[in-house]
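Please read the structure below before turning to the comments.
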Amino acid sequence: MTTMTTTIPPPVMSEELRADLTFMGLPPVQPTSLNGKWQGRVDVWYNTQFRLPSGRLRPLCQLHHVCQDELGRWVLPGWYETLPILLKVCGIKASEVIFAPVLNTEPVLPNYRLSPMDVFGLKVARNHFPHWMQDMFWVIQAYDMLLGADNPAKPHIGQHCAHANASLCHPEPGHAARLQPGLLVQPDFKQSWINSFSELVFTPLGGRPLQNLVRHSAEAFQPTCFHSLLNMNMMYDTAPGGTFHADHAFYRSLNLSRAERIVRQGPRQPCAVQLTVLTRPANASRSLLGVAELEALLQHDLEEQRTLFPHLWSTTSVVWRHVLFDDIPLRDQIQEMQQADIVIAPHGAANINWMFLRPGSAVIEIFPFGYYPDMYRMLANTVDVHYNMTVAAPDEERFAYCMRRRGSVETKAQRQARDIVLRRWQAAALRFEDSPLGIDLQEKSVAEDIYPESRMCVRSQLLHIPVRRVADIIVDKVRTICQLDGDSLEDAAWQKSMSRRRRNRRGGLEEEY
């Protein structure tokens, strides 16, 4: 009795795709059989709609039978050395790996432990979950490729695989379900958000729990050979807008909507905009002050709009929600983001959940004076969310107290550097009304040799919301979300009133992307 083997038929290749594969050094030819003999293999998944800035494919790559030595260096079968461009587009620098000829014929190096893991990512994942998400962000896009390659409704996604003898192998359907996903992690890898998110991402891929292989940076690694290594040349800040489309496999598998957030369904229909405030524990660093004042001012502004433009604003309302993510599980955090139209949030780790917002939503990020990292702005762009930022007034009491308190264990040189940084920050704080971005302690030249300490102290400030600025942003976003566009005269009146308000207010800063 003959056993039938199911394979994925080779895709009909466009000239562009053929050129892409040839550029990477892969043979765009019909499959040939190697009778199952292991001779080295690479699998490449691609999305012809998802490319590098150069216009080339941005593939997901799976390198089979790779190892890590005792220093944590990746050891690749020697034949990969003939594919330098493939490694580069896969995000692997040839200068950072070792090519071992012995792996051309044997999948395991002598004295190496064999692991069935399919390792996701070249580097040890950082523990703090915003940084962990930065490291693993590409996995979400990889998810769409792995699951989409078997889907006839997604002809722009495909899989290509080649053997060491430069011939094609036979891609088989259900490849993702056979993976045994694993991560290289630090010893204290215990954060609940990371564990919960890992479960969401990796379990559907292999149908089994994610494996974590602990790597101690201060100790020699146990040399290990893995079933494969998966990697992709994509960081959270390089993914273009529209990457996570409405039919993206990751969001679809979680039953999450990527449909644009439009509240009003027709003219004169009620429009209730959900405004979610991400809070922090009282008196904690970067906790928000002035929320009640903002609510009162926004209510006044909405009443003003109803008076000026009653036929547009009379059925419009804002529903407030105050959420402390520290107290709720990840799935509930996701649902909060799915239901939000506008999010007000202090700069902080909770903002990584913006990835679950629907396109067309808006965020307002409030920064402590002197500290303006842009990682969440780039995240908002990737998930098609309107981004706005503003800066809270300087909290000199907390910043100065933190800097001086840490000085008790400093050397004389460190104390001098601390005093220089403190004076710089205080001088910039005096100019805050005219120059809200007057100093940035992320710049090492500004923070002298005490960057970690000054960073910690500048982040310890309480955030006094610039209520006039934030209220104006909210009203403007409500107008967009509820589609409150009148005739040209009404639009002119709206713009005139907003321009007058912007000229009159002082302090804070708004920036929209």
For Asp326 and Arg280, run salt bridge (Lys or Arg N to Asp or Glu O under 4.0 Å): C-alpha distance rounded to whole Å, both residues' side-chain angles, the deciding distance at 0.1 Å, then the answer. CA-CA 8 Å; Asp326 294 0; Arg280 296 173 71 90; over 6 Å; no

Do Asp135 and Lys123 pass the salt bridge (Lys or Arg N to Asp or Glu O under 4.0 Å) test, and can you show the C-alpha distance, the side-chain angles, and the key distance before you say yes or no? CA-CA 8 Å; Asp135 296 339; Lys123 298 180 179 179; over 6 Å; no

For a side chain to side chain contact (heavy atoms under 4.5 Å, CB included) check, start with the C-alpha distance between Tyr112 and Asp69, then their side-chain angles and the critical distance, and finish with the verdict. CA-CA 8 Å; Tyr112 275 55; Asp69 68 11; 3.1 Å; yes

For the pair Arg321 and Glu336, evaluate salt bridge (Lys or Arg N to Asp or Glu O under 4.0 Å) and give the outcome as yes or no after the intermediate values. CA-CA 9 Å; Arg321 280 190 62 78; Glu336 289 288 349; 2.6 Å; yes

Set out, in order, the CA-CA distance, both residues' side-chain angles and the distance that settles ring-ring contact (aromatic ring centres under 6.0 Å, His included) for Phe325 and Phe356, then state yes or no. CA-CA 14 Å; Phe325 276 171; Phe356 301 114; 9.7 Å; no

For a side chain to side chain contact (heavy atoms under 4.5 Å, CB included) check, start with the C-alpha distance between Leu230 and Val119, then their side-chain angles and the critical distance, and finish with the verdict. CA-CA 6 Å; Leu230 291 96; Val119 179; over 6 Å; no

Residue pair Tyr143, Trp138: steps toward the ring-ring contact (aromatic ring centres under 6.0 Å, His included) verdict: CA-CA 9 Å; Tyr143 194 109; Trp138 62 273; over 10 Å; no

Could you walk me through whether Leu437 and Val391 satisfy the side chain to side chain contact (heavy atoms under 4.5 Å, CB included) test, starting with their C-alpha distance in whole Å, then the side-chain angles of each, then the deciding distance to 0.1 Å, before giving a yes or no? CA-CA 8 Å; Leu437 296 179; Val391 180; 3.8 Å; yes

Determine whether Leu87 and Leu76 satisfy the following criterion, side chain to side chain contact (heavy atoms under 4.5 Å, CB included), listing intermediate values before the conclusion. CA-CA 11 Å; Leu87 295 180; Leu76 274 56; 4.1 Å; yes

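Minimum heavy-atom separation, Asn231 to Gly121: OD1-CA, 3.6 Å. The minimum heavy-atom distance linking Met232 with Arg58 is given by the pair CE-O, 3.6 Å. Here the closest heavy-atom approach between residue Phe99 and residue Gly78 is recorded as CB-CA, 4.2 Å. Across every non-hydrogen atom of Leu183 and Phe120, the tightest pair is CD2-O, 3.5 Å. Summarising the geometry of Leu86 relative to Val89, their closest heavy-atom pair is O-CG2, 3.2 Å, with the distance given to 0.1 Å. The two residues Ser115 and Thr224 have their closest heavy-atom pair at CB-CG2, 3.8 Å.
By the 6.0 Å and 45° rule, Arg377 does not stack over the aromatic ring of Tyr387.
Using a 30° and 60° split on the angle between ring planes, Phe367 and His347 fall in the parallel class, below 30°.
Under the 4.5 Å side-chain criterion, counting only non-hydrogen atoms from C-beta, His160 is not in contact with Val42. Contact annotation: the side chain of Asn47 never approaches that of Leu60 to less than 4.5 Å [non-hydrogen atoms, C-beta and beyond]. In this structure, Leu463 and Pro368 have side chains that are in contact, with non-hydrogen atoms separated by less than 4.5 Å. The shortest side-chain heavy-atom distance between Leu324 and Pro281 falls under the 4.5 Å cut-off. Under the 4.5 Å side-chain criterion, counting only non-hydrogen atoms from C-beta, Val75 is not in contact with Val66. In this structure, the side chains of Leu275 and Asp341 stay at 4.5 Å or more apart for every pair of heavy atoms. At a threshold of 4.5 Å between non-hydrogen side-chain atoms, the residues Arg398 and Asp395 count as touching. At least one side-chain heavy atom of His64 sits less than 4.5 Å from a side-chain heavy atom of His227.
Using a distance-only test at 3.5 Å, with no hydrogens or angles considered, no donor-acceptor pair links the side chain of Arg73 to the main chain of Val97. Looking only at distances, a side-chain donor or acceptor of Tyr376 sits under 3.5 Å from a matching main-chain atom of Gly348. Checked by atom type and distance alone, the side chain of Gln338 pairs as donor or acceptor with a backbone atom of Ser257 at under 3.5 Å.
Using a cut-off of 4.0 Å between Lys/Arg side-chain N and Asp/Glu carboxylate O, Arg258 and Asp384 are scored as salt-bridged.
No hydrogens or angles considered: a donor-acceptor pair under 3.5 Å links the side chains of Gln159 and Asp43. With no hydrogens or angles considered, a side-chain donor-acceptor pair links Gln62 and Ser228 at under 3.5 Å. Side-chain atoms of Tyr401 and Ser460 form no donor-acceptor pair, as typed in the model, at a separation below 3.5 Å. No hydrogens or angles considered: nothing links the side chains of Asp118 and Gln180 as a donor-acceptor pair under 3.5 Å.
The one candidate from Leu278, Val323, Leu330 that meets the side-chain contact (heavy atoms from CB on, under 4.5 Å) condition with Asn353 is Leu330.
Taking the six-membered ring for Trp, Phe197 and Phe137 have ring centres at least 6.0 Å apart.
How far CH2 of Trp425 is from CD1 of Ile439: 9.0 Å, rounded to the nearest 0.5 Å. Here the CE-OG distance, from Met456 to Ser285, works out to 9.5 Å after rounding to the nearest 0.5 Å. Atom CG of Leu422 sits about 11.0 Å away from atom CD1 of Ile420, to the nearest 0.5 Å. Rounding to the nearest 0.5 Å gives a distance of 12.0 Å between CH2 of Trp74 and CD1 of Ile98. With rounding to the nearest 0.5 Å, the separation of CZ in Phe250 from CE in Met355 is 4.5 Å. In this structure, Arg286 CZ and Gln461 CD are separated by 10.0 Å, a value rounded to the nearest 0.5 Å.
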